[in-house]
Chemist: 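Sharing a structure below in structure tokens format, with a few things to ask.
Below, chain A is the first sequence line, B the second, and so on; all start at residue 1. Not measured: the values here are computed from a predicted model.
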Amino acid sequence: MLKSDVRDPASLPRLLITLLVILLLWPGIRLSELDLGVFFSGESASEMGQFLSGFWPPAHDAEFLDLLAEATLQTLAIATAGMALALLIAVPAGLLASRALSLSALPRGGRPAWWGRLLRWPVRGLMIFLRSVPEVVWALLFVRGVGLGPTAGVLAIAITYSGMLGKVYAEIFESVDQRPAQALMLAGGGRLEAFLYGILPNAAAELLSYTVYRWECAVRASVVMGFVGAGGLGQQIDLSLRMFAGGEVASILITFLVLVLLADLLSRLLRARLT
Amino acid sequence: MTLNLEAVGLRHANGSTALREVSLRIAAGERVAIIGPSGAGKSSLLNLMATGLRPTAGVLEVLDSRPWQLSARQRQRLRARIGLVHQTPPLPPRQRVVTAVLAGRLGDWSLAKSLINLLHPLDVPGARAELAKLDLADKLFAQCQQLSGGQLQRVGIARVLYQRPELLLADEPVSAMDPVLADHTLGILCRHASEHGVTLVASLHAVELALAHFPRVIGLRAGQVVFDLPAGEVGTELLDALYANEQLASPPVPQPAAVPLVVQIPRC
């Protein structure tokens, strides 16, 4: 009697799932050729140690700080311009792809008619295509096309992020309470009016925090794209790494930290205003 | 004829039948109450009249047109002439009351006007006038989430009054109000209907309210019309038959002595 009280019926499945996860993870570690041993093998360890010790103190001479400031501004500009362009595509695409604004879904309990579902597919397909190619690949492509410089980074972010933003926007529209918008459409309102008055008030905070987070991601992405010649902090860190200037790398990394921190603060501030 | 239903049936997607063989004619300017036990199909019938649901059988005519034979654009124009007070007011919690009320006319407004109105309310006096009828003028600039359930229901009514529909449908419009307020609010709805020549169809839980405010009462049970009579001819026998099952389905509950008494607020 006591024994059956202590036994948890969920423990066996949990144990099995844990074993299964380890079993699945092991081939993954083998395939990715992860070998932590390299850190401790004499030569590479001392080399890394040397490089890391160069990180202190962070470079702070006036000339480098000027350079850093300019690169930071360029990175921010790339991310912001790219996001602005992405929004131009993402907002209409999100509205088109979302089932939340379907008039034909009104008498069917939220399921659009077959032709409505069919028409949404090309938009979804376009967004899948836009975001399936990583931004670095787009950047490489555009560097060939428009030459080295921030333009390539802006275009790459605009294309990839429009796909991501559009998809998530469409899903946010569908995830909030649908009744206000449906009631407005039932009272003769158009889809866009129903969106503005029925869905936007509920979705605004979510949309905003996701957009600011994506902007933060765009800042990071623009840094990565700097490595392939798209300007900004990325190009600077690439140069510093090649010259083994640890102090400069440290300064740039601190700048990243501050940027992400600022994005986080901005997101909090805006959300607090909206909720 | 504002509403004409001929042998209308409604079967939900999950296969359950909500309405069967409902035939009704409601003339312009009539005031009709629909009563019946829970699950009788009152909400389904009102949603059907509001063109929110499509009948699976029979003929439905609203304001002299057959909504499901119109193009989508024409149907939206028809819908702008029909106002539906929802059972639970579909208002976004963070929307301001003034915006929620003014949204009643979205069907008549252009997109540009709707956009401007979202940023800056264009008809504050209009919204205030409708809210004042319902004693809510002081909540004009409050957010919907700051209101109680009964206040929200009145905001929902104010929105439909502001819409100025020719056909006013109300699905349990006073279910979250206390008896006095419910009586007062129904009185306002009825007065608005008779002053503007609006056809009013309301479903109600409280039989007394239906008999007191509406000249014509329709009893609905299991998706079928049981009776359709002037309020004066609805007697206790008819009502007992209409709610028969509900009275049977109250088994004697053994009351444990230790449980504190829960005060039941009467639902209207």
Chemist: Just so I know, are the side chains of P180(A) and L91(B) near enough to count as touching, which here means a heavy-atom distance under 4.5 Å?
Modeler: no

Chemist: Quick check on R159(B) against chain A: is it the side chain, the backbone, both or neither that has a heavy atom closer than 4.5 Å?
Modeler: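 Only the side chain of R159(B) comes within 4.5 Å of chain A.
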
Chemist: Report the distance from atom CG of L184(A) to atom CZ of R79(B), rounding to the nearest 0.5 Å.
Modeler: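 Those atoms lie 12.5 Å apart.
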
Chemist: For Q224(B), I'd like to know if atom CD has over 12 heavy atoms of other residues, nucleotides or ligands within 6.0 Å.
Modeler: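 Correct, the count exceeds 12.
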
Chemist: Once rounded to the nearest 0.5 Å, what's the spacing between atom CG of L118(B) and atom CG of L200(A)?
Modeler: 7.0 Å

Chemist: Do you know the tightest heavy-atom contact between P92(B) and N202(A)?
Modeler: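 Heavy atoms of P92(B) and N202(A) come nearest at CB-OD1, 3.6 Å.
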
Chemist: Chain A heavy atoms under 4.5 Å from N117(B): which part of the residue, side chain, backbone, both or neither?
Modeler: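 Both the backbone and the side chain of N117(B) come within 4.5 Å of chain A.
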
Chemist: Where do P201(A) and Q95(B) come nearest, in terms of heavy atoms and distance?
Modeler: CG-NE2, 3.9 Å

Chemist: Could you tell me if the side chain of R179(A) sits less than 4.5 Å from the side chain of T88(B), heavy atoms only?
Modeler: yes

Chemist: With a 4.5 angstrom heavy-atom cut-off, which part of A13(B) approaches chain A: side chain, backbone, both or neither?
Modeler: neither

Chemist: At a 4.5 Å cut-off on heavy atoms, which part of L84(B) comes close to chain A: side chain, backbone, both, or neither?
Modeler: side chain

Chemist: Using modelled atom types only, decide if a donor and an acceptor are shared between the side chain of Y197(A) and the backbone of L102(B) within a distance under 3.5 Å.
Modeler: no

Chemist: Let me confirm one number: the CG-CG distance from L192(A) to L106(B), rounded to the nearest 0.5 Å.
Modeler: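 Rounded to the nearest 0.5 Å, the CG-CG separation comes out at 11.5 Å.
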
Chemist: I want to check something: taking the side chain as every heavy atom from C-beta on, are L111(B) and E193(A) in contact at a cut-off of under 4.5 Å?
Modeler: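 A side-chain contact under 4.5 Å exists here.
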
Chemist: Side chain, backbone, both or neither: which part of A204(A) has an atom under 4.5 Å from a heavy atom of chain B?
Modeler: side chain

Chemist: More than 12 heavy atoms of other residues, nucleotides or ligands under 6.0 Å from CD of Q146(B): yes or no?
Modeler: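 More than 12 within 6.0 Å, yes.
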
Chemist: So which of Q143(B), R54(B), H86(B) has the largest heavy-atom pair count under 4.5 angstrom toward chain A?
Modeler: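 Of Q143(B), R54(B), H86(B), H86(B) has the most heavy-atom pairs under 4.5 Å with chain A.
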
Chemist: Looking at Y213(A), I want to see if its OH is surrounded by more than 12 non-hydrogen atoms of other residues, nucleotides or ligands under 6.0 Å.
Modeler: no

Chemist: Answer yes or no: are there more than 12 heavy-atom neighbours, outside R268(A) itself, under 6.0 Å from its atom CZ?
Modeler: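 It does not: R268(A) CZ has 12 such atoms or fewer within range.
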
Chemist: Compare every heavy atom of G189(A) with every heavy atom of Q76(B), then report the nearest pair and how far apart it is.
Modeler: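 Closest approach of Q76(B) to G189(A): NE2-O, 2.9 Å.
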
